[in-house]
Undergrad: 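So that we are looking at the same thing, I have put the structure below in structure tokens.
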There are 2 protein chains.
Amino acid sequence: MLPNYSASEENYIKNIYHLQQGTGYVTTNELAATIKAKPASITDMLKKLKAKKLVHYEPYKEFQLTVQGKKVALGIVRKHRLWEYFLVEKLSFGWDEVHEIAEELEHITSKKLIDQLDSFLDFPRFDPHGDPIPDSNGKMNAVQQILLTELPEQKKSVVTMVGSQSTPLLELLKHKSITIGSTVEIKKKFDFDESLELLIDGENTATISKQLATVLFVKPV
Amino acid sequence: MLPNYSASEENYIKNIYHLQQGTGYVTTNELAATIKAKPASITDMLKKLKAKKLVHYEPYKEFQLTVQGKKVALGIVRKHRLWEYFLVEKLSFGWDEVHEIAEELEHITSKKLIDQLDSFLDFPRFDPHGDPIPDSNGKMNAVQQILLTELPEQKKSVVTMVGSQSTPLLELLKHKSITIGSTVEIKKKFDFDESLELLIDGENTATISKQLATVLFVKPV
DNA sequence: AAATAAATTTAGGCAAACCTAAAAAAAAAT
DNA sequence: ATTTTTTTTTAGGTTTGCCTAAATTTATTT
Ligand SMILES: [Mn+2]
Ligand SMILES: [Mn+2]
Ligand SMILES: [Mn+2]
Ligand SMILES: [Mn+2]
């Protein structure tokens with residue numbers, strides 16, 4: 001039986017999980033930035049998580065989740081994404097306003113609750129941001145998606161995911177009418193600043209910055 | 001704008017609300033018993049709630065919620081009961097297994113979440129235990145219901161509510177096949193121990209103790 | 001009206017989860 | 001190879017919400 005962890009512990013575990021998707025390792029400062037706490041607090045928690053065998057950690061070294069830690073992380077990610085799907089599909093929330101609420105709901109402890117919710121939602125495989133939802137065993141589908149910057153010109157694609165949920169980003173996407181499921185095609189690439197001219201949903205044309213293009217994931221069609 | 005309160009503060013407020021439904025006042029020991037904390041902890045919290053103008057409290061005296069405190073309490077009760085309704089009607093939980101989960105869900109903060117949930121559920125007026133659900137302004141329907149002990153003999157009635165959600169009670173009710181919505185009729189009253197012989201759903205007959213009869217609310221039909 | 005019992009509060013502590021400031025270690029620059 | 005900068009940890013505090021034990025107040029008996 002898995003023990004229960006505090007909401008704070010769960011947030012640390014989940015954030016370590018996401019950060020280590022890159023290089024496999026996470027640093028104290030990185031985690032401090034995403035959790036919005038001071039590095040000293042991160043060190044405190046790392047000691048607790050190590051004592052509970054959830055992270056591999058040695059002082060002054062990078063760290064990563066243990067197998068057990070990864071299992072816990074996937075459980076939280078599953079809850080987060082299922083709740084997001086519920087909020088959008090059943091409660092008519094916009095996909096840009098569900099993250100904060102799911103951040104709270106993901107800490108509700110009942111296993112039966114989440115499995116019944118999964119069933120009620122008909123076992124969705126992707127959340128409203130295009131991220132895959134782990135099943136009750138922690139397995140999830142990988143998405144075959146690429147960064148918009150890697151898409152060839154004149155090739156139609158569908159937006160599957162955004163690499164961040166920051167409010168400024170979501171605001172910009174809303175303004176440009178880009179959403180998960182939008183069809184986008186690169187009409188022109190500008191070498192000067194690497195900005196892109198896009199055709200969105202076959203209708204309107206918009207120019208987007210390199211910064212924006214590097215957080216948009218698409219699936220070529 | 002209402003400030004946000006911690007889950008612990010909310011639990012105190014909600015429990016004071018329920019306890020003061022009787023005499024209008026609550027004592028330290030009563031609250032300690034329902035919250036499952038020691039009396040000294042209750043005193044601690046009462047000072048904090050008084051500082052926030054949520055309770056009227058003077059040392060060594062009984063206490064009660066302020067108008068503001070009652071408003072907060074109704075908001076929590078609303079969330080608790082809407083979530084219970086959701087769990088039973090949408091996620092196929094039994095009405096005897098939703099209380100604990102709602103105890104957690106009631107502390108999720110988003111106002112929009114709860115109003116959208118209300119709408120998704122089609123504005124239910126009673127929770128699975130027969131308790132009325134406050135609307136978004138804190139108003140709720142009173143139920144015209146009486147204690148089973150007050151029901152005249154040979155008068156058909158419907159079970160509307162149980163006065164407690166303790167596990168031993170729910171277990172007993174399950175065993176006797178008594179549930180919210182069951183039809184019950186008193187066939188005979190025994191003066192010796194005030195036990196009652198009941199006809200349940202017009203089918204089976206069962207004898208119930210005085211203790212049980214005083215937590216069962218019914219609506220005569 | 002005391003004496004006793006029960007209820008409540010005060011005093012002092014503890015664990016979780018954060019903080020700031022200072023020390024130590026590791027990495028980068030000279 | 002030093003020196004400097006950056007990163008991380010340690011040391012010592014704070015707040016919240018709980019605890020036990022002792023003191024105080026209120027209620028009940030005798
Ligand atoms: Mn969270
Ligand atoms: Mn998401
Ligand atoms: Mn609760
Ligand atoms: Mn209920």
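Worth saying up front: this structure is predicted, and the values here are computed from it rather than measured. First the proteins, then the strands, lettered A, B, ... as listed; each starts at 1.
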Undergrad: Return no unless some side-chain N or O of A/N29 is found under 4.0 Å from OP1 or OP2 of D/dT6.
TA: no
Undergrad: Figure out the CD1/P separation between B/I42 and D/dC18, and round it to whole Å.
TA: 8 Å
Undergrad: Do any side-chain nitrogens or oxygens of B/K48 fall under 4.0 Å of OP1 or OP2 in D/dT16?
TA: no
Undergrad: Ignoring backbone atoms, establish whether A/S8 has a side-chain N or O less than 4.0 Å from OP1 or OP2 of C/dC18.
TA: yes
Undergrad: Looking at DNA chain D, which of residues 11-28 of chain B put a heavy atom within less than 4.0 Å of it?
TA: B/Y12
Undergrad: Nearest of D/dC19, C/dT8, C/dA17 to any side-chain atom of B/S41?
TA: D/dC19
Undergrad: Is there a side-chain contact between A/I180 and A/F126 in this structure, where contact means two heavy atoms from C-beta onward sitting under 4.5 Å apart?
TA: no
Undergrad: At their closest point, which heavy atom of A/I16 faces which heavy atom of A/L49, and how far apart are they?
TA: CD1-CD1, 4.3 Å
Undergrad: Between B/T160 and B/Q145, do the side chains contain an N or O donor and an N or O acceptor separated by less than 3.5 Å?
TA: yes
Undergrad: In whole Å, I'd like the distance from the CG atom of B/L46 to the C1' atom of C/dT9.
TA: 11 Å
Undergrad: Quick one: which protein N/O atoms are closer than 3.5 Å to N/O atoms of nucleotides 10-15 of chain D? Pair and distance per line, please.
TA:
| from | atom 1 | to | atom 2 | distance (Å) |
| --- | --- | --- | --- | --- |
| D/dT10 | OP2 | A/K47 | NZ | 3.0 |

Undergrad: Round to the nearest Å and state the distance from A/E58 atom CD to D/dT8 atom P.
TA: 15 Å
Undergrad: If we ignore angles and hydrogens, is there a donor and acceptor under 3.5 Å between the side chains of B/H175 and B/E171?
TA: no
Undergrad: How close or far is atom P of C/dA17 from atom CD of A/E10, stated in whole angstroms?
TA: 11 Å
Undergrad: Whether the A/H99 and A/H80 side chains hold a donor-acceptor pair (N or O, under 3.5 Å, no angle test) is what I'd like checked.
TA: yes
Undergrad: Compute whether any side-chain donor of one residue and acceptor of the other, for A/H56 and A/Q64, lie under 3.5 angstrom apart.
TA: no
Undergrad: For the ring pair B/Y12 and B/Y17, is the centre-to-centre distance below 6.0 Å?
TA: no
Undergrad: Could you state the CG-P distance from B/L31 to D/dG17, rounded to the nearest angstrom?
TA: 14 Å
Undergrad: Starting at CD of B/E9 and ending at P of D/dT16, how long is that distance when rounded to a whole Å?
TA: 8 Å
Undergrad: Taking atom types as modelled, is there a side-chain donor on B/N29 or B/T27 under 3.5 Å from an acceptor on the other?
TA: no
Undergrad: Rounded to whole Å, please give me the gap between CG in B/L49 and C1' in D/dT16.
TA: 13 Å
Undergrad: Once you round it to whole Å, what is the distance between P of C/dC19 and NZ of A/K36?
TA: 13 Å
Undergrad: Is B/V77 close to B/H18 at the side-chain level, that is, under 4.5 Å between some pair of heavy atoms?
TA: yes
Undergrad: When you compare the side chain of B/Q20 with that of B/L65, does any pair of heavy atoms fall below 4.5 Å?
TA: yes
Undergrad: In terms of the angle between their ring planes, are A/H129 and A/W95 parallel, tilted or perpendicular, with boundaries placed at 30° and 60°?
TA: perpendicular
Undergrad: With side-chain contact (heavy atoms from CB on, under 4.5 Å) as the criterion, how do B/R125 and B/I133 come out once you've worked through the C-alpha distance, each side chain's angles and the decisive distance to 0.1 Å?
TA: CA-CA 5 Å; B/R125 300 240 225 56; B/I133 300 175; 6.0 Å; no
Undergrad: Pairing of DNA chain C as dot-bracket, 5' to 3': ( ) intra-strand, [ ] crossing, | other strand, . unpaired, with Watson-Crick or G-U pairs under 3.5 Å?
TA: ||||||||||||||||||||||||||||||
